[in-house]
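Labels below follow one simple rule: chain letters A, B, ... track the order of the sequence lines, proteins then strands, and each chain is numbered from 1. Values below: all heavy atoms of this structure, side chains included; hydrogens, waters and symmetry mates excluded.
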Amino acid sequence: MEYNFRDIEKKWQQYWKESNAYKVSNNSTKPKFYVLDMFPYPSGAGLHVGHPLGYIASDIYARFKRLKGFNVLHPMGFDSFGLPAEQYAMETGQHPAVTTEKNIRRYHEQLDNIGFCYDWSREVKTSDPSYYKWTQWIFLQLFDTWYNRHSQKAERIPNLVSIFEQEGNANHYCPGNERLIFTAQDWINYDEKSKEDILMHYRIAYSAFGEVNWCEALGTVLANDEVVNGVSERGGHPVVKKKMRQWYLRITEYADRLLQGLEQVDFSESMKDMQRNWIGKSQGAEITFHLTIKQQKELTDEPTLTVYTTRPDTIFGVDFMVLAPEHELVAKITSDEQKAEIDKYLEYVKSRSERERLAEVKQITGAFTGAYAINPFNGREIPVWISEYVLAGYGTGAIMAVPCGDQRDYAFAKYFNIPITNIIGDAYNGDEANPTKDAILQNSGFIDGMVMRNAIGVVIDELEKMGIGKRKVNYKMRDAGFSRQRYWGEPFPIVYKGGIAFPLNENQLPLELPYVDTYSAGPEGEGPLANLADWIAAPGGGTRETNTMPGYAGSSWYFLRYMDPNNDKVFVDRKAADYWGQVDLYIGGTEHAVGHLLYSRMWTKALYDLGFICFDEPYKKLVNQGMIQGASRFIYRITPNLSGEQQFETPGTTNKVLEAHPLYISKSYRDKIVAGEINIKDLFYKISAFSKNNLEIIELLGERLECKLNELHVDVSFVDGVELHVDSLRNSRPEYENALFLLEDGKVISQGVDFDEVNDKYICGAETEKMSKSKYNVVNPDEIVERFGADTFRMYEMFLGPVEQSKPWDTKGIEGVHRFLRKFWRLYVDELKGLILTNDAATPAELKVLHRAIKKIEDDTERFSFNTAVSAFMVCVNELNDLKCHKREVLEPLVILLAPYAPHISEELYQLLQASSTEKLEASSVLDAAFPKYEEKYLVESSKEYPISINGKVRANMNISLDAMQPEVEQIVLQNEIVQKWLDGKPPKKIIFVKGKMINVVI
RNA sequence: GCCCGGGUGGCGGAAUUGGUAGACGCAGCAGACUCAAAAUCUGCCGUUCGCAAGGAUGUGCUGGUUCGAUUCCAGUCCCGGGCACCA
């Protein structure tokens, strides 16, 4: 009986499916454990071997927890709305619903192939109306909600209305319009439209105007990464900023709680740092400056400029002001003299993406407005500039520039020859800015002589006294844009009547996405839905919102739906949500660090505030999986090269050259060409001896022949390690049919020669790159499972390295893991004799091997060190093999230990153990067996082989009792021959003894 | 540019708290079994000097702390991820 993984895996997958082995109940006396993978987007390319890395890790952990006695929720579903499906629809005309369904089916098959323990009865798809009904419903909750800064939680809009009716908004600062202040009487007098406009400034889900990247030529709005150097990535068409009505989520109101919440969750410090930096909380002051404007035009009111700064202590070092080019003041304050220059600059900025504006530091740009701000403390006139490095959305969209303390300001001042005031004495060296807070202030009026750090508060107090400034906490984070001008997303359950946005009633949900057959933008650049006049006209009058929701809408709450996926009364039953609670383990990539993770954390907080769930952080622990990169392979082609002259000189030359048989050379020849050791032309002559066509070309061109070397990606499926299988490549495409290959040891093979008969190799070049179709380095898990089995695939993915780290895929290495599983199998089963287990009592040595493995593997699994756990299995099996151990007492626990990693082989062996046993095993399936118990007593040692170092370098080893104390050890060590040799008669300076670790003799 | 992560043999990686650098596996080399191949098994395997014993050197680079540094500190180079409409 040999290890027939194909039969074994098929058999148990089917059995588990039929017996509902992975079905999870919401009622259990066992403790719960919730293991979740980040929501996959079902792309048309299917899964490649990089995708399942995290899924395997979470599957192992889920199975491990089940063995440890937990009721484990481990669901899977699909984030099936998204741009790629729509893009694909535009290219091929296939409806996104159709392609998405197809992709999901394929993902399903691929995932099942790997043997995951998902409870598929809980599968959710965000594009399914029964799911997005609730996404729309939650959106309406957020629409009907405002953030009460006093109670620090989301509350209902009607409650805000009654506050307004009683006291106006004096106690509830308006987050959407700071200057808005009204009394109860004002409120009562407002008309409906004004009231709704005001409420919109408070709602957590609100609409406002925002800028998008509009590409006229493509007729669509583009994502930032689709815009490169101000033009569209596809086609290079111009892209401009366009203001459009958009939906937003007021996530900024949650900024503080999102920060505080990080203290309660187990994410890596780096992940928390990324979120903290994104939120970007800073303390500082807003300062308002009076302006002097030199222009003819009369102004109705005297303009002032408000800046936000974290360093009010540097107020005397302000040498210029910088406004964001979009700042509303720019038009007002620009002097007639400077108008042309400012206009020219604004034109330039329009073409720049936000990222470019922030990233570009080498090239300094800006323009002077002609206006001056007045320093309130010394009356100095400060020139006001505009520059792209200041963004409108951050702070007040204006900064006070202190060149001696800020490097970007310094560079700007130098570039535009603005004189620099030094307020920090020796701390400023004149060559670069010094952002210190510890210098002593100089040239600083009333704060002269103070340490900067201490002056911050003093200046703010003074500003407040003067009524021109105030303390201010600022966040870099902005409200989240929540609408897309796209088709394939959730429609907004909103109808506009008379310019007012009205929500649909709950019983009108879901508002289903209508069918379309074209995906072009609406007349004003809105999404494709804007073209559907019938659909836009809502039954009760009014027009529908034509934007759709973004990708993160559905994924912000999906972890809740898994708890109660088929409920059509509520988004999740309260009892189910209380039972499952937080996700105990969440596995996914760092690319979601600030997007998805922050949004879903915010949604959870809002749902908590509104009383729907009892926890306000969704993910208790987060593990980030790295990426698996592709192992690209290259072949090297030599082709004759024609210069223009040659093409015309001899008629027919071009055609002749095009008929040349392509030549491919093995890697070492390419290396020699690159190193200049071989002449490329010589090589062409040499190989062309095998080709009549090429010989004719050589004759035709003679000395004028030029050759070039190309490096080409070759599909990795034709390569074993770095060896190319020439015949497979040759048969793959016509262009290779007549090719000649120069192999590593100098043989040349041409068409008709059977590569397998030739005792020589073609070696490919290798490089690690992102796994992608265009690089021909994609490896499909189905293929690997077919060749080696799911158990081998699972263990190999883990064996590659730490889950958190990125690493390249190497199909070659999988054989080691496959060999391990066969070796494991042979501990239990002999090819001829069948089961070879004995009931003999295990020896201490055997028990030691087993318990060392239990300890290591349990520890490693618990701390997600799956790669070292796989190594530990290998070590254990190697040792049991050496001991020729076939004892039930050792091998029965071992099979349970392996089950989370390789469930199929484990179940097969477990059932064989069961069938051959006189006693009944405790569980009917290895899935529900009890995790083996580690016992310390088998591992106790009485002595240790200590390494003996001389000055930190190991020179000898000595076996010394573990009870031995320092004096005794010193005595033993000094008697050692090698130690004596190094001491050379002199006494040691010191002997360091670390019990149980090492001994170091210092001489 | 800013934020985060990572650099250890030919390759993937190990070394859990500052204590024997290279576990485990791949590739390679030598051998056993075999008519042969596959499978399996045994041995070797960082670099360098040496017949050997043994020595020197070695965790991106430059310094520092320490009896002892892959591990801690400072600086620096290179690679990967994110930067708000890809998901």
Side-chain angles (χ1 to χ4, degrees), chain A residues 2 38-41 43 79 81-84 87 212-213 221-227 246 268-274 276-278 280 354-362 389 393 408 476-481 483-486 550-552 555 589-596 598 624 626-627 629 631 721-722 766 768 770 796 799-802 804-810 812-817 819-820 822-823 826 831 859-860 863 865 867-868 870-875 878 945-949 951-957 989-992 994 996-1003:
Chain A
E2 59 178 34
M38 276 187 194
F39 226 10
Y41 175 80
S43 89
D79 190 10
F81 273 135
L83 193 54
Q87 210 76 264
V212 295
N213 300 312
V221 172
L222 298 177
N224 277 340
D225 65 336
E226 294 176 302
V227 184
Q246 307 262 39
S268 69
E269 263 323 296
S270 59
M271 176 63 57
K272 290 183 181 181
D273 278 348
M274 276 191 258
R276 287 188 193 113
N277 291 331
W278 180 268
E354 190 169 302
R355 192 169 318 165
E356 286 165 343
R357 286 174 55 174
L358 286 172
E360 193 80 66
V361 288
K362 289 183 197 107
Y389 78 88
R408 230 166 9 176
K476 197 156 80 198
M477 182 166 68
R478 308 195 291 257
D479 281 342
S483 43
R484 302 288 181 263
Q485 290 70 44
R486 303 285 181 194
Y552 65 84
S555 60
T590 48
E591 66 271 23
H592 299 287
V594 287
H596 160 65
L598 276 176
N624 291 115
M627 298 229 236
Q629 292 140 320
V722 288
T768 299
K770 206 168 165 164
Y796 183 56
F799 186 62
L800 275 177
E804 305 88 354
Q805 232 166 274
S806 291
K807 57 246 155 183
W809 175 263
D810 169 26
K812 197 97 187 154
I814 200 170
E815 281 164 27
V817 174
R819 256 171 234 154
F820 154 75
R822 282 213 302 262
K823 217 162 166 182
R826 287 200 306 269
E831 264 186 45
D859 273 11
D860 285 356
R863 66 191 178 91
S865 179
N867 57 327
T868 52
V870 176
S871 296
F873 276 117
M874 289 173 170
V875 171
N878 287 344
E945 189 80 2
Y946 276 96
I948 317 289
S949 307
N951 287 342
K953 278 208 185 316
V954 181
R955 300 291 178 182
N957 281 290
K989 276 194 194 135
K990 208 199 252 183
I991 296 179
I992 290 152
V994 183
K997 293 274 185 197
M998 46 66 69
I999 297 152
N1000 188 17
V1001 182
V1002 185
I1003 58 177

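Atom name P, nucleotides B:rU71 and B:rU66: the rounded distance is 16 Å, in whole Å. A distance of about 15 Å separates the C1' atoms of B:rU8 and B:rU57, rounded to the whole Å. Atom C1' of B:rG9 sits at a distance of 7 Å from the matching atom of B:rG22, rounded to the whole Å. Taking atom C1' on both nucleotides, B:rG7 is separated from B:rC61 by 11 Å, rounded to a whole Å. The same atom, C1', is picked in B:rG80 and in B:rG60; the two are 15 Å apart, to the nearest Å. Across the C1' atoms, B:rA27 and B:rG13 are found 14 Å apart, a figure rounded to whole Å. To the nearest whole angstrom, the two C1' atoms, one in B:rC29 and one in B:rA15, are 27 Å apart. One C1' atom belongs to B:rA32, the other to B:rA38, and the distance between them is 16 Å to the nearest Å.
Applying the salt bridge (charged side-chain N to carboxylate O under 4.0 Å, His left out) rule to A:Glu831 yields no partners; only residues at least two apart in sequence or on another chain are considered. Listed by chain and residue number, A:Lys823 satisfy the side chain to side chain contact (heavy atoms under 4.5 Å, CB included) test with A:Asn878 (two or more places apart in sequence, or in another chain). When the ring-ring contact (aromatic ring centres under 6.0 Å, His included) test is applied to A:Tyr41, no partner is found at least two apart in sequence or on another chain.
Whole-Å rounding puts the A:Ile814 CD1 to B:rA27 P distance at 12 Å. The separation between A:Glu804 atom CD and B:rG5 atom C1' is 11 Å, rounded to whole Å. Taking atom OH of A:Tyr796 as the reference point, atom P of B:rG13 lies 10 Å away to the nearest angstrom. A:Leu598 places its CG atom 13 Å from the C1' atom of B:rC3, with the value rounded to the nearest Å. To the nearest angstrom, P of B:rU20 lies 8 Å from NZ of A:Lys997. As a whole-Å value, the separation of A:Gln629 CD from B:rG80 C1' is 7 Å. As a whole-Å value, the separation of A:Phe873 CZ from B:rC24 P is 17 Å. Atom NZ of A:Lys953 and atom C1' of B:rU57 are 8 Å apart (whole Å).
Within 90° of 0 lies the glycosidic angle of B:rG9, which makes this nucleotide syn.
Here the shortest heavy-atom pairing between A:Gly481 and A:Pro550 reads O-CG, 4.3 Å. Taking all atoms of both residues into account, the shortest heavy-atom contact from A:Tyr946 to A:Gly996 is OH-N, 2.8 Å. For A:Asp79 against A:Ser555, the heavy-atom pair with the smallest separation is OD2-CB, 4.0 Å. Considering all non-hydrogen atoms of both residues, A:Pro947 and A:Val954 come closest at CB-CG1, 4.2 Å. Of all non-hydrogen atoms in A:Met274 and A:Ala593, the two that sit nearest each other are SD-CB, 3.8 Å.
Using the six-membered ring where Trp is involved, A:Phe799 and A:Tyr796 have ring planes that are tilted, between 30° and 60° apart.
A:Arg822 and A:Glu815 are not joined by a salt bridge, as no carboxylate oxygen comes within less than 4.0 angstrom of a charged side-chain nitrogen.
When each of A:Met998 and A:Val1002 is assigned the nucleotide of RNA chain B bearing its nearest heavy atom, the one mapping closer to the 5' terminus is A:Met998.
Side chain to side chain, A:Thr590 and A:Asn624 fail the donor-acceptor criterion of an N or O pair below 3.5 Å.
With a 3.5 Å ceiling on both atom-pair distances, the Watson-Crick or G-U wobble partner of B:rA56 is B:rU47. Applying the Watson-Crick and G-U wobble criteria (two distances, each under 3.5 Å), B:rA23 pairs with nothing in any strand. Nucleotide B:rC72 is matched to B:rG64 when pairs are restricted to Watson-Crick or G-U wobble geometry with both distances under 3.5 angstrom. The partner of B:rC83 is B:rG1, judged by Watson-Crick or G-U wobble contacts that both fall below 3.5 Å. Pairing partner, B:rG31: B:rC41, with both Watson-Crick or wobble hydrogen-bond distances short of 3.5 Å.
A:Arg486 places a side-chain N or O within donor-acceptor distance of the main-chain N or O of A:Val221, the cut-off being under 3.5 Å. Judged purely by atom type and a 3.5 angstrom limit, A:Ser806 uses its side chain to pair as donor or acceptor with the backbone of A:Met627. Between the side chain of A:Lys990 and the main chain of A:Asn1000, no donor-acceptor pair closer than 3.5 Å is present.
Checking B:rA14, B:rA27, B:rG25 against the side-chain heavy atoms of A:Lys812 singles out B:rA27 as nearest.
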Each nucleotide of nucleotides 82-87 of chain B classed B (base within 4.0 Å of a protein heavy atom), S (only sugar-phosphate) or -, in 5' to 3' order, makes SBBBSB

Base, backbone or nothing for each nucleotide of nucleotides 39-44 of chain B, written B, S, -, heavy atoms under 4.0 angstrom, 5' to 3'?
SSS---

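Considering only side-chain N and O atoms, A:Arg955 lies under 4.0 angstrom from the phosphate OP1 or OP2 of B:rG55. Contact annotation: A:Asn878 reaches the phosphate of B:rG25 (side-chain N/O to OP1 or OP2, under 4.0 Å). Residue A:Asn277 places no side-chain N or O under 4.0 Å from the OP1 or OP2 atom of B:rC2.
At a cut-off of 3.5 angstrom, the base of B:rC67 holds at least one donor-acceptor pair with the side chain of A:Asn1000.
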Which protein N or O atoms sit under 3.5 Å from an N or O of nucleotides 10-12 of chain B?
from: B:rG12; atom 1: O2'; to: A:Leu800; atom 2: O; distance (Å): 2.4

